[in-house]
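What follows is a single structure, written as structure tokens, with notes after it.
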Protein chains: 2
Amino acid sequence: MTNGEKRFQEKINAIQDTMFVIGGKWKIPIILSIYSGNKRFNDISKAIPKITNRVLSKELKHLEENLLIKRTVVDTYPVRIEYALTDYGLGLEEIAKPLENWGRKHKKKISGK
Amino acid sequence: MTNGEKRFQEKINAIQDTMFVIGGKWKIPIILSIYSGNKRFNDISKAIPKITNRVLSKELKHLEENLLIKRTVVDTYPVRIEYALTDYGLGLEEIAKPLENWGRKHKKKISGK
DNA sequence: CGGTATCCTTGACGATACTG
DNA sequence: CAGTATCGTCAAGGATACCG
């Protein structure tokens, strides 16, 4: 494998790693929902049209495992569960912004303007 | 729907549009492969470990429909087919870079360094 | 060389019901 | 309130063979 090919493979791997973490239909919406102030399971759920409990639950776990969000049990009675972005999770802004900008541009382009 | 909610939905839509175009397992590798100099079907194929003809064929069509690449029939004998990024496709750099950078950071983070 | 055709597997996602 | 459990669907992707 040449040097160029090696750098090429590393690029691909890095991007596919990112895709694994934030890819799929729901991860970014969930992150944005929490980012915009929703803390509790049902609040996040309501903010995202059409997501089901089952899927939300799984995605939250995935995001927690990847250190992007933190789940906290607030010790009131009855207990509340709160989700929050970690500092690390806030770093996603760095990629969310470009993705959003590109999407807006693309829509115009494809719709023929 | 409040104003904040509306902006939130627009953000999500823009990002999901982007994901639709470049999401999935192979689109970015294919784009990078062409970007790095591969023009012909079998060259692109060889540069990307494990991709099958069927999948590559479908993805190339998808990318062409979204105006990111251009397919040209070169009139030699026998004819050659050449793929190239469009100017518009080159604009993907704007999102590929952040995705790559974030992926590298994330790998370190998760592997515990 | 540049693909199609067929068939198959898997995993993401959905619907609905239920629970501590 | 914050999820699980169960069952079902569907599309992305894979394996292999073949074609003009």
Side-chain angles (χ1 to χ4, degrees), chain A residues 12-13 15-34 37-66 68-85, chain B residues 12-13 15-34 37-66 68-85:
Chain A
I12 290 186
N13 284 339
I15 292 177
Q16 288 187 331
D17 286 349
T18 303
M19 287 311 210
F20 173 72
V21 177
I22 60 145
K25 198 168 171 182
W26 300 113
K27 274 154 208 134
I28 299 237
I30 291 169
I31 287 164
L32 287 178
S33 173
I34 297 177
N38 298 114
K39 295 183 191 325
R40 305 180 64 179
F41 191 93
N42 285 301
D43 295 341
I44 300 167
S45 175
K46 269 165 210 145
I48 303 174
K50 309 222 168 198
I51 196 167
T52 65
N53 283 355
R54 176 176 169 281
V55 170
L56 178 53
S57 176
K58 275 212 309 196
E59 297 289 52
L60 285 171
K61 259 170 209 156
H62 173 99
L63 294 174
E64 202 188 347
E65 276 159 18
N66 282 279
L68 300 173
I69 63 173
K70 180 138 196 341
R71 179 183 188 272
T72 314
V73 180
V74 184
D75 196 4
T76 51
Y77 179 77
V79 293
R80 264 179 305 143
I81 313 291
E82 292 193 351
Y83 291 94
L85 284 183
Chain B
I12 291 185
N13 284 339
I15 292 177
Q16 288 187 332
D17 286 349
T18 302
M19 287 310 210
F20 174 72
V21 177
I22 61 145
K25 198 168 172 182
W26 299 113
K27 274 154 207 132
I28 298 236
I30 291 169
I31 287 164
L32 288 178
S33 173
I34 297 177
N38 298 113
K39 295 183 190 326
R40 306 178 64 178
F41 190 93
N42 285 301
D43 296 340
I44 300 167
S45 176
K46 269 167 210 144
I48 303 174
K50 310 222 166 197
I51 197 168
T52 65
N53 282 356
R54 177 177 168 282
V55 169
L56 178 54
S57 176
K58 274 212 309 195
E59 298 288 53
L60 286 170
K61 257 170 209 157
H62 173 99
L63 294 173
E64 201 188 349
E65 275 159 18
N66 282 279
L68 299 173
I69 63 173
K70 181 141 195 341
R71 180 183 188 273
T72 313
V73 180
V74 184
D75 198 2
T76 50
Y77 180 77
V79 294
R80 265 179 306 143
I81 313 291
E82 293 193 350
Y83 292 94
L85 284 182

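Below, chain A is the first sequence line, B the second, and so on; all start at residue 1. Predicted, not measured: the structure shown is a model, and the values here were computed from it.
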Between [Y] and [X], is there a side-chain heavy-atom distance shorter than 4.5 Å?
X	Y	answer
A:K39	A:D43	no
B:N38	B:I48	no
B:I28	A:Q16	no

Within the structure shown, what part of the strands sits under 4.0 Å from B:E59 by heavy-atom distance: base, sugar-phosphate, or nothing?
sugar-phosphate
If the cut-off is 4.0 Å, is [X] near the phosphate of [N], judged by side-chain N/O to OP1 or OP2?
X	N	result
A:S57	D:dT4	yes
A:N42	D:dA2	yes
B:Y77	C:dC1	no
B:K25	D:dG14	yes
B:Y83	C:dG3	yes

Start at the 5' end of DNA chain D and walk down; is the nucleotide closest to A:K61 or to A:V79 reached first?
A:V79
Atom-to-atom span, [atom1] of [X] to [atom2] of [N] - whole angstrom:
X	N	atom1	atom2	value
B:R80	C:dG2	CZ	C1'	13 Å
B:N38	C:dC1	CG	C1'	15 Å
B:I81	C:dT4	CD1	P	10 Å
B:K46	C:dG3	NZ	P	14 Å
A:D75	D:dA2	CG	C1'	16 Å
B:R40	C:dG2	CZ	C1'	9 Å
A:N53	C:dG20	CG	P	17 Å
A:I51	C:dA15	CD1	P	12 Å

Using the closest heavy atom to pick a nucleotide of DNA chain C for each, name whichever of A:K58 or B:D43 lands nearer the 5' end.
B:D43
For the side chain of B:R54 and the base of D:dT16, is some donor closer than 3.5 Å to an acceptor across the two?
no
If the plane angle is over 60° it's perpendicular, under 30° parallel, otherwise tilted; pick one for B:Y83 and B:F41.
tilted
Residue that, paired with B:L63, satisfies side chain to side chain contact (heavy atoms under 4.5 Å, CB included) out of B:I34, B:I22, B:I30:
B:I30
